[in-house]
Amino acid sequence: MPELPEVETIVRDLARQLPGAEIRDVEVAYPDLVQGEGAGDFARGLRGAAFRQVTRRAKNILLHLDRGLLVVNLGMTGRLLVRRPGDPAPSHLGVRIRLADGRELDYHDVRRFGCLQRYTDEGWARREEALGIEPLSDDFTPAWLAEASRKSRVAVKTWLMDQRRVVGVGNIYASEALFRAKIDPRRPAHSLRPEESARLVGAVREVLREAIEFRGTTLLDYRDASGERGEFAGRLRVYGREGEPCRTCGNPVERIVQGGRSTFYCPHCQR
DNA sequence: AACGCGCCCTGTCCGC
DNA sequence: TGCGGACAGGGCGCGT
């Protein structure tokens with residue numbers, strides 16, 4: 001479910017609400033969500049720790065503690081919610097973190113593709129090496145894209161979604177960025193001309209920034225840390241619009257499958 | 001090495 | 001109304 005804009009929205013919410021809060025105890029309803037150690041050690045390791053700050057790396061939520069960090073990946077349907085006394089109980093509770101001030105930080109996940117894992121600072125630094133560059137950082141430039149994709153024959157849409165290269169771009173924003181850049185998603189990554197690399201970098205940054213401004217895209221499951229929907233869905237230009245008229249040329253938007261995932265694009269506008 | 005595929009899991013929707 | 005199949009925002013591990 002969540003790509004960079006959705007995760008960033010949650011992180012900004014949590015960064016205002018969590019620092020200073022102390023963990024009273026932890027209840028793990030689904031042990032398979034906890035990675036790296038057993039549920040008992042996980043719960044004991046968190047008990048008594050205090051939240052320092054909350055940041056994002058790729059599609060991961062980094063909850064920095066006074067000892068190490070707790071990293072949450074939401075998978076497809078994960079939600080991380082701050083719950084106050086009296087708020088309705090979640091229907092698919094995975095992990096409940098009770099805070100000393102009476103609030104709860106609840107992780108729910110219908111499909112349970114998400115995960116939570118504790119890391120030491122060094123452990124996370126090692127794990128992070130496998131992740132690509134941040135698309136909203138200064139590292140993401142047309143020159144970098146041209147060089148990094150030079151030897152890759154995979155379709156540019158599949159290439160964009162590979163988290164070892166660029167992080168944070170998932171199935172929705174890959175389609176949207178390629179539409180904005182007017183590039184056919186089936187093109188081999190290495191075939192982009194310099195001006196196309198430049199357009200793609202600009203389009204990725206633009207669509208991610210706009211989506212953050214609108215607090216992300218809610219198709220079905222996504223909710224922010226307060227349980228509210230994102231408002232970007234109505235601004236999607238191609239994703240989920242198979243057969244509907246392209247907002248630029250009026251020809252029907254098409255859906256194809258690439259790497260087992262749906263891709264939406266306009267064959268007339270994207271070449 | 002890079003790439004394509006299947007799988008993890010539950011829920012919803014659509015066609016028959 | 002019921003049932004089977006396709007599909008859903010991610011990521012990992014396998015084989016070639």
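Numbers restart at 1 for each chain; the letters A, B, ... are given by sequence-line order, proteins then strands. Side-chain atoms are counted along with the backbone in the values below, which use heavy atoms only and exclude waters and symmetry mates.
Classification of A/R98 and A/D25 as a salt-bridged pair holds, one side-chain N sitting under 4.0 Å from a carboxylate O. Salt bridge status for A/D109 with A/R112: absent, with no side-chain N to carboxylate O gap under 4.0 Å. Ion pairing between a basic and an acidic side chain is recognised when a charged N comes within 4.0 Å of a carboxylate O; A/E6 and A/R215 show no such pairing. Ion pairing between a basic and an acidic side chain is recognised when a charged N comes within 4.0 Å of a carboxylate O; A/R57 and A/E128 show such pairing. Ion pair A/R118/A/E37 flagged as a salt bridge, since at least one NZ, NE, NH1 or NH2 atom sits closer than 4.0 Å to an Asp/Glu carboxylate oxygen.
The phosphate of C/dG9 (OP1 or OP2) has no side-chain N or O of A/K59 nearer than 4.0 angstrom. Contact annotation: A/R112 side-chain N/O to B/dT10 OP1/OP2 distance is under 4.0 Å. Phosphate contact (OP1/OP2 of B/dC9, side-chain N/O of A/T77, threshold under 4.0 Å): absent. At the phosphate of B/dC3, OP1 or OP2 sits under 4.0 Å from a side-chain N or O atom of A/R165. Listed pair A/H92 / B/dG11 meets the phosphate criterion, a side-chain N or O lying under 4.0 Å from OP1 or OP2. At C/dG10, none of the side-chain N or O atoms of A/N171 fall inside 4.0 Å of OP1 or OP2 (strictly under the cut-off). Regarding contacts with the backbone of C/dG9, every side-chain N or O of A/Y173 stays at 4.0 angstrom or more from both OP1 and OP2.
Here A/R261 lies in heavy-atom contact (under 4.0 Å) with a base. Among the heavy atoms of the strands lying under 4.0 Å from A/N73 are primed sugar atoms or P, OP1, OP2 only; no base atom is included. When heavy atoms are screened at a 4.0 angstrom cut-off, A/S262 is found touching the sugar-phosphate backbone but no base atom. Among the heavy atoms of the strands, none lies under 4.0 Å from A/R164.
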When Watson-Crick pairs (N1 to N3 and N6-O4 or O6-N4) and G-U wobble pairs (N1-O2 and O6-N3) count only below 3.5 Å on both distances, what is the dot-bracket string of DNA chain C, with | for other-strand pairs? .|||||||.|||||||
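Checked by distance alone, A/R111 brings a side-chain donor or acceptor within 3.5 Å of a matching partner on the base of C/dA8.
Surrounding NE2 of A/H190 are more than 12 heavy atoms belonging to other residues, nucleotides or ligands, all under 6.0 Å away.
Under a 3.5 Å cut-off, the side chain of A/S137 and the backbone N or O of A/D139 do form a donor-acceptor pair.
Rounded to whole Å, the separation between the P atoms of B/dC9 and C/dC3 comes to 23 Å.
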